[in-house]
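Comments concern the structure below.
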Amino acid sequence: MAQLKPINAFTSTLPADPVDENYRRQVSQVAYSFVQPEHFIDSEVRHTSSLTEELGWDPIYVASKEFKAVFGSKQIIENSKPYAMAYAGHQFGNWAGQLGDGRAINLFQLETDIGLQTFQLKGAGPTPYSRNGDGYAVLRSSIREYLCAEAMHHLGIPTTRSLTIATTGKQVLRDVMYDGNPEYEQGAIVCRVAPSFIRFGNFELFAAQGDQENLRKLLDYTIEHHFPQVTALDKKGYLEFFEIVSQRTLDMIIHWQRVGFVHGVMNTDNMSILGLTIDYGPYGWLEPYDHGWTPNTTDRQHKRYRYGAQPEIGLWNLLQLANALYEIIDDQSGLEQVLDNYKIQYQEKHLDMMRNKLGFLHNDNNDQQLVTQLIQTLHLHEVDYTFFFRELQHLDRNMDTTIMLDKLAIAFYDFEQLSEPHRLRWLDWLSVYKSRIQLDYSKFLESKQFTNNDEDVVNLAFAKARSEKLITTNPKYVLRNYIAQQIIDEAEKGNYTMFHEVYRVLQHPYDEQPEFEKYYAKRPEWAKTKVGCSMLSCSS
């Protein structure tokens with residue numbers, strides 16, 4: 001490609017802030033403010049993701065000085081009109097009023113091989129919505145966001161994407177733990193890519209201002225550009241739109257629960273209208289299984305955004321979106337029905353997800369009881385979430401339960417200290433699980449047409465089908481916080497070797513990758529309380 005040719009669909013359709021100056025302010029009846037990213041003359045692009053191939057970009061262009069200058073925030077391209085979006089939101093359950101893109105600047109929209117995409121720099125300087133922030137980001141948080149977004153994509157989870165990460169050459173002052181001890185850190189910027197960065201909060205802002213005209217404009221724009229299945233821009237179509245948003249939000253959260261991901265900051269301004277995982281702040285993956293775990297130090301007391309509450313919070317956030325759209329949709333029963341359907345669908349989809357994680361090929365009416373018993377048993381002793389489900393592939397229906405438990409010992413953080421009552425609880429559950437695998441085998445035998453009933457042939461076919469279910473549902477490699485912190489520690493010294501290596505691993509999270517077996521490791525003891533490895537703040 002000779003050069004990027006921007007499309008300004010968002011800015012040409014929706015109302016702009018009439019003020020040109022870049023200072024912090026409240027806005028009214030505007031969807032965005034034009035703002036120029038800061039130019040970092042010493043910036044250096046440290047990594048470019050495989051997303052460039054999916055976009056259909058010429059490798060020659062990706063290697064060019066122009067590419068590095070644009071995504072290193074040294075220059076903007078011709079005919080682009082960078083902007084920061086205005087939105088509001090509920091934060092930790094409370095109305096926060098106007099928020100907006102405080103450190104994100106949308107460079108342009110482009111038509112690509114994967115459709116219309118918006119390209120955004122995070123950390124490229126202040127905007128009118130920066131509030132008390134400075135608009136910059138540090139290398140620490142930028143590495144975490146860059147790698148996690150790509151890891152989530154390859155796990156099959158709807159997400160924004162990462163295109164590039166660059167150091168800016170600028171030092172940024174941050175108080176990591178909010179304890180009054182700020183320090184300077186290396187500045188960085190990530191180019192994030194998504195079909196749209198519109199959030200629940202964009203709609204909440206217009207609704208809070210009583211601006212139905214622009215609320216409708218935003219709704220129509222969003223449907224026309226991102227929801228082609230909605231064919232009518234009327235109340236019926238708007239309700240259909242809300243139903244699709246609800247379904248996508250639920251599907252995204254079910255995926256989070258599947259891999260043990262905890263977002264950490266599920267405020268309405270961090271909820272994508274497209275059902276994409278967005279804004280990777282103090283996130284984490286479950287290590288020892290804990291329904292009540294949150295990685296966010298700010299949420300330590302109330303644990304509003306804990307792992308087990310994510311589906312409920314998704315529903316609460318959808319209720320706030322419904323409230324914002326109510327005056328336009330004007331169908332209370334219709335909106336309530338969508339929210340009620342979310343509750344029903346969650347129960348069904350969560351059970352199906354757990355059946356897949358357990359390797360079941362057929363459904364049984366007693367599965368919910370088995371799942372409930374498993375979750376209760378997982379809480380008895382520290383058991384690694386990723387390891388436990390991945391290691392189930394090594395169990396079979398003919399195995400003694402004591403051998404099964406020994407096979408799973410690798411998933412326990414201190415198997416030698418497992419108390420006898422807890423050991424018996426595990427053996428009880430494994431006995432039920434073993435019977436359930438046997439039932440699955442019987443149903444498998446009934447459902448398949450074998451040319452002969454040779455036991456070895458049937459056993460092999462069943463084992464293969466079960467193994468495929470387990471390994472395609474349960475990843476082997478996830479971006480554990482201690483691994484991310486090790487990458488950060490090295491990168492801050494100028495060494496990106498581990499960064500590149502882990503990026504390669506995360507592109508194939510379900511594969512065995514024996515050459516990278518060292519990353520299939522439980523959280524080490526030293527990481528249990530280390531800053532950046534257990535809980536994190538929102539500071540970035």
Side-chain angles (χ1 to χ4, degrees), residues 89-90 93 149 152-153 155-160 194-204 219 222-223 226-230 237-280 283 285-286 291 294 304-326 329 331 333-357 363 367-368 371-372 375 385 473-475:
H90 285 81
M152 293 287 271
H153 170 72
L155 284 165
I157 300 173
T159 179
T160 57
S196 173
F197 288 94
I198 296 174
R199 305 135 185 271
F200 288 15
N202 294 79
F203 299 89
E204 287 186 285
L219 194 52
T222 305
I223 291 171
H226 305 293
F227 290 80
Q229 62 272 62
V230 178
Y238 297 150
L239 185 61
E240 182 183 358
F241 159 80
F242 180 68
E243 185 173 11
I244 297 170
V245 172
S246 175
Q247 292 171 352
R248 290 184 181 180
T249 300
L250 176 56
D251 288 344
M252 173 187 71
I253 294 172
I254 289 290
H255 274 300
W256 292 357
Q257 304 298 91
R258 173 176 64 84
V259 300
F261 175 79
V262 188
H263 185 279
V265 202
M266 288 180 66
N267 297 326
T268 58
D269 57 295
N270 292 336
M271 296 295 292
S272 161
I273 203 68
L274 301 183
L276 305 175
T277 314
I278 191 172
D279 286 339
Y280 292 95
Y283 65 80
W285 263 272
L286 287 181
H291 186 88
T294 175
R304 176 180 175 83
Y305 298 141
R306 63 193 182 277
Y307 170 77
Q310 291 184 137
E312 177 186 343
I313 294 299
L315 178 62
W316 193 91
N317 289 342
L318 285 164
L319 174 60
Q320 309 318 309
L321 179 61
N323 289 337
L325 299 176
Y326 174 71
I329 294 179
D331 185 350
S333 63
L335 291 167
E336 289 177 347
Q337 185 62 56
V338 172
L339 297 174
D340 287 342
N341 288 342
Y342 176 103
K343 300 175 190 177
I344 297 169
Q345 290 170 7
Y346 167 70
Q347 297 297 332
E348 296 171 349
K349 290 186 176 184
H350 182 267
L351 180 56
D352 283 343
M353 178 267 287
M354 290 301 296
R355 283 173 172 143
N356 290 335
K357 287 188 72 64
N363 297 346
D367 286 344
Q368 183 59 66
V371 168
T372 300
I375 291 172
Y385 185 84
T473 304
N474 301 308

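Sequence positions, counted from 1, serve as the residue numbers for this chain. In this text, all values refer to a predicted model and were calculated from it rather than measured experimentally.
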Exercise. Applying side-chain contact (heavy atoms from CB on, under 4.5 Å), run through E204 and H90 and close with a yes or a no.
Key: CA-CA 9 Å; E204 287 186 285; H90 285 81; 2.7 Å; yes

Quiz item: Can a salt bridge be assigned to the pair D251 and R248 using a cut-off of 4.0 Å between side-chain N and carboxylate O?
Solution: no

Quiz prompt | Exam field: side chain H263 to backbone D279, donor-acceptor pair closer than 3.5 Å | solution = yes

Quiz item: With a 3.5 Å cut-off and no angle check, do the side chains of Q310 and Q257 form a donor-acceptor pair?
Solution: yes

Quiz item: Side chains of Q368 and T372: do they bring a donor and an acceptor to under 3.5 Å?
Solution: yes

Quiz item: So, R306 side chain and H291 main chain: donor-acceptor pair closer than 3.5 Å or not?
Solution: no

Quiz item: Heavy atoms, side chains only, cut-off 4.5 Å: are I253 and Y342 in contact?
Solution: yes

Self-check item: Whether T249 side chain and V245 backbone form a donor-acceptor pair below 3.5 Å
Solution: yes

Quiz item: Can you tell me how far CH2 of W256 sits from OH of Y283, rounded to the nearest 0.5 angstrom?
Solution: 13.5 Å

Self-check item: Under 3.5 Å donor-acceptor, Y305 side chain and V262 backbone
Solution: no

Quiz item: Excluding sequence neighbours, so at least two apart, what forms salt bridge (Lys or Arg N to Asp or Glu O under 4.0 Å) with R304?
Solution: none

Quiz item: In Å, rounded to the nearest 0.5 Å, how long is the span from CG of L339 to CD1 of I344?
Solution: 11.5 Å

Self-check item: Pairwise distance CD1(I198) to CE(M271) - rounded to 0.5 angstrom
Solution: 15.0 Å

Self-check item: Interatomic distance, L335 atom CG to Y326 atom OH [nearest 0.5 angstrom]
Solution: 8.0 Å

Exercise. Can you measure from CG (L325) to OH (Y238) and round to the nearest 0.5 angstrom?
Key: 10.0 Å

Exercise. Check step by step if side chain to side chain donor-acceptor pair (under 3.5 Å) holds for T160 and Y280.
Key: CA-CA 10 Å; T160 57; Y280 292 95; 5.0 Å; no

Quiz item: Out of I278, L276, L274, which one pairs with P158 under the side-chain contact (heavy atoms from CB on, under 4.5 Å) rule?
Solution: L276

Practice problem: Could you tell me whether the side chain of K357 and the main chain of R258 form a donor-acceptor pair under 3.5 Å? | Solution: yes

Quiz item: If only atom types and distance count, is the side chain of N202 paired as donor or acceptor with the main-chain N or O of R199 below 3.5 Å?
Solution: yes

Practice problem: Would you mind reporting whether I157 and F261 have side-chain heavy atoms less than 4.5 Å apart? | Solution: no

